[in-house]
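In what follows, a structure is listed as structure tokens, so that the remarks can point back to it.
Convention: sequence-line order gives letters A, B, ...; per-chain numbering from 1. The structure displayed is predicted, hence computed values, not measured ones.
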Protein chains: 2
Amino acid sequence: MTDTAPQRRARARSKRPPTIHDVAAHAGVSRGTVSRVLQGGDNVSPAAREAVNAAIRKLGYVVNRAARSLVTQRAGSVAFLLSETQDRFFSDPNFTTLLRGCTAALAELDIPLILVTAGSEAERRRITPYLSAHHVDGVLLFSSHRGNPMIDHFLAADLPFVCCGKPLGQRGALSYVAADDREGAKNMVRHLLESGRTRIATIAGPQDTPGGLERLAGYRETLAEHGIAHDKRLVATGDYSRASGESCMYHLLARAPDLDAVFVASDLMADGALTAIQRAGLRVPEDIAVGGFDDSPVAPSTRPPLTTIQQPWDRISKMMVRQLLAQINGEGPATVILPTKLVVRESA
Amino acid sequence: MTDTAPQRRARARSKRPPTIHDVAAHAGVSRGTVSRVLQGGDNVSPAAREAVNAAIRKLGYVVNRAARSLVTQRAGSVAFLLSETQDRFFSDPNFTTLLRGCTAALAELDIPLILVTAGSEAERRRITPYLSAHHVDGVLLFSSHRGNPMIDHFLAADLPFVCCGKPLGQRGALSYVAADDREGAKNMVRHLLESGRTRIATIAGPQDTPGGLERLAGYRETLAEHGIAHDKRLVATGDYSRASGESCMYHLLARAPDLDAVFVASDLMADGALTAIQRAGLRVPEDIAVGGFDDSPVAPSTRPPLTTIQQPWDRISKMMVRQLLAQINGEGPATVILPTKLVVRESA
DNA sequence: CTGAAAGCGCTTACAG
DNA sequence: CTGAAAGCGCTTACAG
């Protein structure tokens, strides 16, 4: 009626996935040897390795990660943290591209990706202890605005993290991967200049984001390099949304009716600008050339198709993963800047 | 020079997050009591509970989930599984809506969401053992096409899962949450009929997806109910893409020039149909009324804005999470069908 | 190259 | 209501 402890255990095990104990018994070795094979198989005789691998296959053994984590003191997983209003990011096509890239890069390494959002202060408070308690080995941080408070927690908890884009308002060396925004902007403005435009306006992004800052700086630098005096009537600042691009363009048109080109810091805003220009009865690119930034999915299907700067999203996500793993393995922080590419279509 | 074991342990601990052991020592109780408080605090005296909670706050204790998982035999996490070509899903706006909804619902329950993709056969082979080994407690499954092979593995491994949409080609009772596609389609066709249209065409979705099947069935049923004979020249089948909507519409126009309305099984395809109709020199809705399905983000900004059927995405994700947790807690499978809503804009 | 043993941080019957 | 103890499934010095 009542089983002995070993009987009970054996019975329970029959319903459960096999453990290292079962593999060891099957292969006729100790559990230590099985573990060594699992770790890569150094210091194991070929015969033992073979027997263990055969047993693993036969039993369909899969390591229990919780048990492993407990002893190695590593979670074995990584967080993809969206520290931004969710709506903003989830509706941003660039975000899905990044998410897909990181998922793929991590999947190849068999590292689970835990998706975490922290758009509000309340969410941040809830998630910080989880992260700081090292329930993940590191975090891929996506947050565009200045002064993310979570960074200090990660630093305090000694938790590796890599930012997407330069984290503003932070001191000390932090790991981040970013596109070369400034150089990309310069490239576009140069292209506009070379096509003969002389009155080039810009719609910048929010000035508390690296993209907003750097792309505007690139615009100014290029004009300065070409001896063109700065004219603040030619500068408007949007919030990366399509609607803001449209209204900025109306302002620009009103303030500087003679402008013949505009460099817009995002494709979405550029699409809005296109609408404004056409509603004003002007033609693109004949009257006004429009250059965007991102090469987002909408770029080829705007009317006319948008000339823009391609962000290296795939490389960014791959590099973020690589940098994060390096840090988890003890390396120090590093900054990675990736080049962008001018994509010429019809709008400029 | 050489520490004793306890000294070594104490020193190591000082750099590590506090454990239940530290909390117990601090509160002057046993570790068992601390654990009981963590579990909800039944069978614990108020005094002990207070002491433990104070110690937890003071030490900033956070439970080690790996250790907990090891003994409870539960992962404590859930997978969001995309068993579909990644491109297709990541570019689908409905997908991000679902992902956001599930993330939010799970976050409230403090359950980590692990994002897993399995678009190719190779990926499926890699991920199946991980999932089947119960590295997650359950899976939220997103896959639209017929006969997903992973389902059999989940069944065999006794792993709870809930599908988004009716899983085709499966027998036996499976849990799924879906919008009432058929009723939604009927609703739209009725709306078209009531506005006086008599030659109503349809662009259906792929016939190996529940949405493709059910929406077409709803279309047919409604016409039959109104005594309108079935005319197969009025039926075309697309693949949910914008491009397929456009080309289907050209075919329809060629085969049945007298059609005065079209019910399209997705907003993206409807947008394509709009283009085709306008290129053919016809007006929407004057000449042809167009009804979509999804109420996706593009619907309000098509020209003209699209009359469509709203899918209850937020409710779907919430219900999927709820059903999954119920199953994890031992309940049997259930089917949940959620109503849709007609959203009238200008296209019909 | 290999086994025996300790220990990772929890939970949970089992006694009391 | 509470403590002592066993055990979850691994890894890793430590001896040999």
Tell me whether B:His135 contacts the main-chain N or O of A:Val63 through its side chain, where contact means a donor paired with an acceptor under 3.5 Å.
yes

Would you name the heavy atoms of A:Met320 and A:Val162 that are closest together and state the gap between them?
CE-O, 3.4 Å

Does anything in residues 50-61 of chain B pair up under side chain to side chain donor-acceptor pair (under 3.5 Å), and if so which pairs, sequence neighbours excluded?
B:His26-B:Lys58

Length of the line joining B:His134:NE2 and D:dG9:P, which is rounded to integer Å
13 Å

Scan B:Ala66 against the nucleic acid and name what it touches under 4.0 Å (heavy atoms): base, sugar-phosphate only, or nothing.
nothing

As a test of understanding, state which of A:Leu140, A:Leu113, A:Val321 forms a side chain to side chain contact (heavy atoms under 4.5 Å, CB included) with A:Val78.
A:Leu140

Not counting sequence neighbours, which residues clear salt bridge (charged side-chain N to carboxylate O under 4.0 Å, His left out) with A:Arg74? List them please.
none

If every non-hydrogen atom of B:Ser317 is compared with every non-hydrogen atom of B:Asp314, which pair is closest and at what distance?
OG-O, 3.1 Å

Not counting sequence neighbours, list each pair that qualifies as a ring-ring contact (aromatic ring centres under 6.0 Å, His included) and has a residue in residues 100-119 of chain A.
none

Please give, in whole Å, the distance from D:dG9 P to A:Asp22 CG?
9 Å

For DNA chain C, just give me the dot-bracket, please: Watson-Crick or G-U, both distances below 3.5 Å, ( ) intra-strand, [ ] crossing earlier pairs, | paired with another strand, . unpaired.
|||.||||||||.|||

I need a per-nucleotide contact map over nucleotides 11-16 of chain C, read 5' to 3'. Cutoff is protein heavy atoms under 4.0 Å; write B for the base, S for backbone only, - otherwise.
BBB---

Atom CD of A:Glu50 and atom P of C:dC1 are separated, to the nearest Å, by 15 Å

B:Leu70 or B:Val44, whichever maps to the more 5' nucleotide of DNA chain D:
B:Val44

Given atom NE2 of B:His21 and atom P of C:dC8, what is their separation to the nearest angstrom?
10 Å

Pairwise P distance, D:dC10 and D:dC14 [rounded to whole Å]:
24 Å

Quickly work out the A:Arg74 CZ to C:dG9 P distance and round it to whole Å.
16 Å

Could you tell me whether the phosphate oxygens of D:dC1, OP1 or OP2, come under 4.0 Å of any side-chain nitrogen or oxygen in B:Ser45?
no

If the condition is salt bridge (charged side-chain N to carboxylate O under 4.0 Å, His left out), which residues does B:Arg124 pass it with, not counting sequence neighbours?
B:Glu121

Is the side chain of A:Gln323 donor-acceptor paired with the backbone N or O of A:Tyr176 at a distance under 3.5 Å, no angle test?
no

